[in-house]
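The structure appears below as structure tokens.
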Amino acid sequence: MLFSRTLIPTLKETPAEAEVISHQLMLRAGFIRKLAAGIYTWLPLGYRVLRKVEAIVRQEMDKAGAQEMLMPGVQPAELWQESGRWEHYGKELLRFMDRHDHGFCLAPTHEEVITDLVRREVRSYRDMPLNLYQVQTKFRDEIRPRFGIMRAREFLMKDAYSFDVDEETSAESYRQMHAAYRAVFDRLGLRYRAVEADTGSIGGSFSHEFMVLAATGEDDIASCTACDYGANVEKAEVVLPPGEPAQPGQAVASVATPGTHTVEAVAKFLGVEARAVAKTLIYLADGQPVAACVRGDRELNEIKFKNLLNANEVFLASPEVIAQVTGGPLGFSGPLGLKIPIWADQELYREAALVVGANQADTHLTGLHLGRDVPAARQADLRSVVVGDPCPRCAGGTINLDRGIEVGHIFRLGTKYSQALGANYLDAEGNSKPIVMGCYGIGVSRIVAAAIEQGNDSNGIILPLAIAPFSVAVLPMSTSGQAWDEGQRLYQELRAAGVDVLLDDRDLRPGVKFKDGDLLGIPYRLVVGEKGLKNGQVELKHRASGQVEMLPLNEAVAAVTRLVREGGGQSL
RNA sequence: CGGGGCGUAGCGCAGCAUGGUAGCGCACCUGCCUUGGGCGCAGGGGGUCGGCGGUUCAAAUCCGCCCGCCCCGACCA
């Protein structure tokens, strides 16, 4: 393509609205423009990147035996009422009426439609296994869209659904999708991890998330230094290092601790480590008060706690509720004497003498031994993992933490949706059984932002070859003379070789072309100028490494073509 | 939805405490010049100052209401 004939409105300055680097650079490089909060137009260059991501996803899904289809973006209320989600999905579901006052919504996901289709069309075990997918625009009316494309209201997603006759074959479908996802992310050229994940509101037996590693990611992910264990911190298990429960020692004693509302203050006041203090948090789980105790230097993992309680929602109780439940003010809660269910983190049982709140203002108890003094407490894994924890899967490995951006999530759903919506089939014996499902999402547009979040420097975007808007940019240093002629020739020959190439044919100073070239994230750059031509050479610069090499004019096309082919470059 | 901030030319911003009819840099257009890292010189175009209403002889500036956007929080593949 010719730069001068393509809409690439680059910006020198960063628009004030953009907070994260990927958003800033996508605006500056002319990839996207905002139409409304969380709603973006993809300009030619950004759209090329999006289409390249989409192409890889599509190829790998097809290779894995999934079949592409396309479902409606506007869906009738009736279907959502049947699944119960018309009421329960909340305000994220954008609803409206048509001219006949019939309710509709913009699809935030497609479980209803696909399940409706399958319950009508799939009747026999002979029709399965079946895997259907689409690449489609979703709309979720997020409370607070942010970070540009990363958390937009309208976004492009690949969603696939598998249908099997039993758990065993469904597990096989899941494994195939897992492998296909690995193939997708390998080809994309991104640093990523597949980790065990919480299933959240989608439900199902278990799931994996695919995380692109980036310091600005919104998720914390744990991984083992020795084996391939990885998990979202929401889900990551804590196992204790080898050891015995502590034996009870001193007796419980009450001490005055005026004004010490926090663990730090109590520990400092009493001259003990924070880990010797147990904090007791009063939660409401689906409206019922429960207590959770963790070591003073640990964080309670609310997701684990919620799953443990099998609750729909848990949140911290208000000071009023705390006073009512414990008899003492916020900041002085403790497990002793509580009449509500008490859960205590497993590692507290390793402590012989804990400091806890006395459920009374300005008072704590010392010498508490959980096993001896609070027999009603139930032991569980409640806290979040931290760096250095032992790996739950292997001996010797320890936990490391990274930040990640969730770009894929796969679930085994079991029969949750098929039973609710009556999607059944007849087996070989003529028995009616619920179809066993799985669902598999990839945030196609989010991948573009994640890739830029992972690949950038002070000069702009650095994209992997597979998804760069162009594989190579040709920059003639002049719009006349030999530099121009040779630039044109290189451009034509690269095109003929099937390489995605951009010719910067603008009549601008070299500096401008260099700056724009760097900003756009094109992996290779051929500079055609007098300097090199004197020696019959052109300059090849690698965007990522900054490495520069001089190539003889007549070898440049072959060299670049080879680099692009071997590096997994695509052409649109 | 709660808390905070912002809305002045395409972008980044100043002007607003103390009201007097709008300015700077970049971008854009024209000419000359320059041509390996966002040149230089000269000239030029572009603004209902987010919207509506009020106060005033006079409002970007003061007051009220509304709208939009950004950040933090709760929520979410």
Side-chain angles (χ1 to χ4, degrees), chain A residues 9-20 23-24 27-28 30 33-39 89-93 107-111 138-148 150-153 155-160 197-204 207-211 218-219 232 234 302-303 312-316 404-411 439-447 450 458-460 475-481 483-484 504 506-519 525-534 538-539 541 546 548 550:
Chain A
T10 59
L11 264 26
K12 262 191 207 177
E13 288 173 287
T14 303
E17 69 188 42
E19 176 78 0
V20 296
H23 189 196
Q24 294 175 356
L27 290 169
R28 284 192 54 207
R33 287 293 184 261
K34 184 174 68 183
L35 183 63
I39 301 178
Y89 209 95
K91 288 190 176 170
E92 261 187 47
L93 185 65
T109 176
H110 284 75
E111 278 88 9
K138 303 273 192 268
F139 191 93
R140 294 183 190 170
D141 201 358
E142 292 264 354
I143 296 169
R144 186 153 83 85
R146 58 185 131 171
F147 306 148
M150 285 260 275
R151 186 177 285 273
R153 288 196 290 176
F155 57 99
L156 192 66
M157 182 170 176
K158 185 283 302 177
D159 48 323
D198 182 63
T199 53
S201 59
I202 299 277
S207 76
H208 284 88
E209 286 170 334
F210 288 78
M211 297 283 194
E218 291 188 85
D219 287 287
N232 193 307
E234 292 177 351
E302 287 191 8
I303 306 276
N312 290 318
E313 58 173 15
V314 298
F315 53 89
L316 277 168
I405 300 165
E406 181 187 351
V407 290
H409 202 158
I410 60 179
F411 299 83
C439 78
Y440 317 91
I442 288 183
V444 177
S445 49
R446 183 182 276 182
I447 283 175
S458 59
N459 291 316
L475 273 57
M477 290 295 92
S478 163
T479 50
S480 62
W484 178 249
D504 194 343
R506 297 174 300 171
D507 186 13
L508 292 172
R509 299 175 60 82
V512 178
K513 296 188 180 188
F514 290 143
K515 288 289 185 189
D516 275 346
D518 287 345
L519 179 60
R525 181 174 81 195
L526 278 175
V527 180
V528 191
E530 274 185 34
K531 242 190 213 174
L533 289 175
K534 273 190 300 197
V538 292
E539 174 193 299
K541 183 165 181 180
V548 174
M550 299 306 295

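Lettering of chains follows the sequences in order, A, B, ..., and the numbering in each one begins at 1. Note that this is a predicted model, so its numbers are computed, not measured. Hydrogens, waters and symmetry mates are skipped; everything else that's a heavy atom, side chains included, is used.
In this structure B:G38 sits in no base pair that meets the Watson-Crick or G-U test at under 3.5 Å. B:G19 is unpaired under the criterion used here, namely a Watson-Crick or G-U wobble arrangement in which both key atom distances are under 3.5 Å. B:C76 is unpaired under the criterion used here, namely a Watson-Crick or G-U wobble arrangement in which both key atom distances are under 3.5 Å. Nucleotide B:G25 forms a Watson-Crick or G-U wobble pair with B:C11, both donor-acceptor distances falling under 3.5 Å. When both pairing distances are held under 3.5 Å, B:G68 makes a Watson-Crick or G-U pair with B:C6. The partner of B:A58, taking Watson-Crick or G-U wobble pairs whose two distances both stay under 3.5 Å, does not exist in any strand shown. Remark: B:C33 base-pairs with no nucleotide in the shown strands. Criterion, Watson-Crick or G-U wobble with two distances under 3.5 Å.
The side chain of A:D518 sits closest to B:G37 out of B:G37, B:G38, B:C72. Out of B:G36, B:G37, B:C71, the shortest distance to the side chain of A:M477 is found at B:G36. Looking at the side chain of A:R28, the nearest of the listed nucleotides B:G38, B:C70, B:G36 is B:G38. Candidate nucleotides B:G37, B:G36, B:U35 were compared by shortest atom distance to the side chain of A:K515, and B:G37 ranks first. Picking from B:G38, B:G73, B:C13 the nucleotide with the shortest atom distance to the side chain of A:A16 gives B:C13. For A:E17, counting side-chain heavy atoms from C-beta on, the closest listed nucleotide (B:C69, B:G36, B:G38) is B:C69. Comparing B:C75, B:C69, B:G37 against the side chain of A:I143 picks out B:C75 as the nearest.
Along RNA chain B, the nucleotide nearest to A:L11 and the one nearest to A:L156 differ in position, and the one closer to the 5' end is contacted by A:L11. Heavy-atom distances to RNA chain B give each of A:R525 and A:R446 a nearest nucleotide, and the one nearer the 5′ end belongs to A:R525.
Between B:G47 and B:G10, the two P atoms lie 9 Å apart (nearest whole Å). Nucleotides B:U61 and B:A9 place their P atoms 15 Å apart, quoted to the nearest Å. Taking atom P on both nucleotides, B:U8 is separated from B:C52 by 15 Å, rounded to a whole Å. For the P atom pair drawn from B:C26 and B:C39, the interatomic distance equals 10 Å after rounding to whole Å. B:C49 and B:G38 have their P atoms separated by 38 Å, given to the nearest Å. Using C1' as the reference atom, B:U34 and B:U18 are 49 Å apart when rounded to the nearest Å. Nucleotides B:C66 and B:G19, compared at atom C1', are 24 Å apart to the nearest Å. Nucleotides B:G64 and B:A59 have their C1' atoms positioned 15 Å apart, rounded to a whole Å.
When atom types are taken as modelled, the side chain of A:K158 and the backbone of A:Y440 share a donor-acceptor pair closer than 3.5 angstrom. Side-chain N or O atoms of A:Q24 include one that pairs as donor or acceptor with a backbone N or O of A:A18 at under 3.5 Å. Side-chain atoms of A:K91 never come within 3.5 Å of backbone atoms of A:D141 as a donor-acceptor pair (strictly under, hydrogens ignored). When atom types are taken as modelled, the side chain of A:R153 and the backbone of A:P145 share no donor-acceptor pair closer than 3.5 angstrom. Between the side chain of A:S207 and the backbone N or O of A:F411, no donor-acceptor pair lies under 3.5 Å.
Evaluated for a salt bridge (Lys or Arg N to Asp or Glu O under 4.0 Å) with A:D516, the options A:R509, A:K12, A:R506, A:R28 yield exactly one hit, A:R506.
Separating the CD atom of A:E19 from the P atom of B:C70 is a distance of 11 Å, rounded to the nearest angstrom. Atom P of nucleotide B:A27 and atom CZ of A:R509 are separated by 12 Å, given to the nearest angstrom. Put simply, CD on A:E92 is 14 Å from C1' on B:C1, counting in whole angstrom units. Rounding to whole angstrom units, CD of residue A:E302 and C1' of B:A74 are separated by 11 Å. As rounded to whole Å, 13 Å separates atom P of B:C33 from atom CG of A:D507. Separating the CD atom of A:E530 from the P atom of B:U34 is a distance of 14 Å, rounded to the nearest angstrom. Distance, A:F147 CZ to B:C72 P: 5 Å, rounded to whole Å. The distance from atom CG of A:L316 to atom C1' of B:G73 is 13 Å, rounded to the nearest whole Å.
Among the protein residues, A:F315 comes within range of no part of the nucleic acid, since none of its heavy atoms lies under 4.0 Å from any strand. Residue A:G441 is classed as having no contact, given no heavy-atom separation below 4.0 Å to the nucleic acid. Using a 4.0 Å heavy-atom distance criterion, A:V407 is classed as making no nucleic acid contact. A:R33 comes within 4.0 angstrom of no nucleic acid atom, judged by non-hydrogen atoms across all strands. At a threshold of 4.0 angstrom between heavy atoms, the contacts of A:K513 with the nucleic acid are absent. Heavy atoms of A:K91 sit nowhere under 4.0 angstrom from any nucleic acid atom. Using a 4.0 Å heavy-atom cutoff across all strands shown, A:G532 reaches at least one base atom of the nucleic acid. Using a 4.0 Å heavy-atom distance criterion, A:E209 is classed as making no nucleic acid contact.
Shortest non-hydrogen contact noted between A:A450 and A:M150 is N-SD, 4.4 Å. Residues A:E209 and A:M211 come closest through the heavy atom pair OE1-CE, 3.0 Å.
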Going through the distances and angles, do A:M157 and A:T109 end up as a side-chain contact (heavy atoms from CB on, under 4.5 Å)?
CA-CA 9 Å; A:M157 182 170 176; A:T109 176; over 6 Å; no
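A salt bridge links A:R151 and A:E142; the closest N-O separation between the charged side-chain nitrogens and carboxylate oxygens is under 4.0 Å.
OP1 or OP2 of B:C72 has at least one side-chain nitrogen or oxygen of A:R144 nearer than 4.0 Å.
No N or O donor and acceptor, one from the side chain of A:R146 and one from the base of B:C70, sit under 3.5 Å apart.
Other residues, nucleotides and ligands contribute over 12 non-hydrogen atoms within 6.0 Å of the CD atom of A:E218.
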Find every protein N or O atom lying less than 3.5 Å from an N or O atom of nucleotides 23-26 of chain B, and list the pairs.
residue	atom	partner	partner atom	Å
B:G25	N2	A:E13	OE1	2.5
B:C26	O3'	A:K12	NZ	3.1

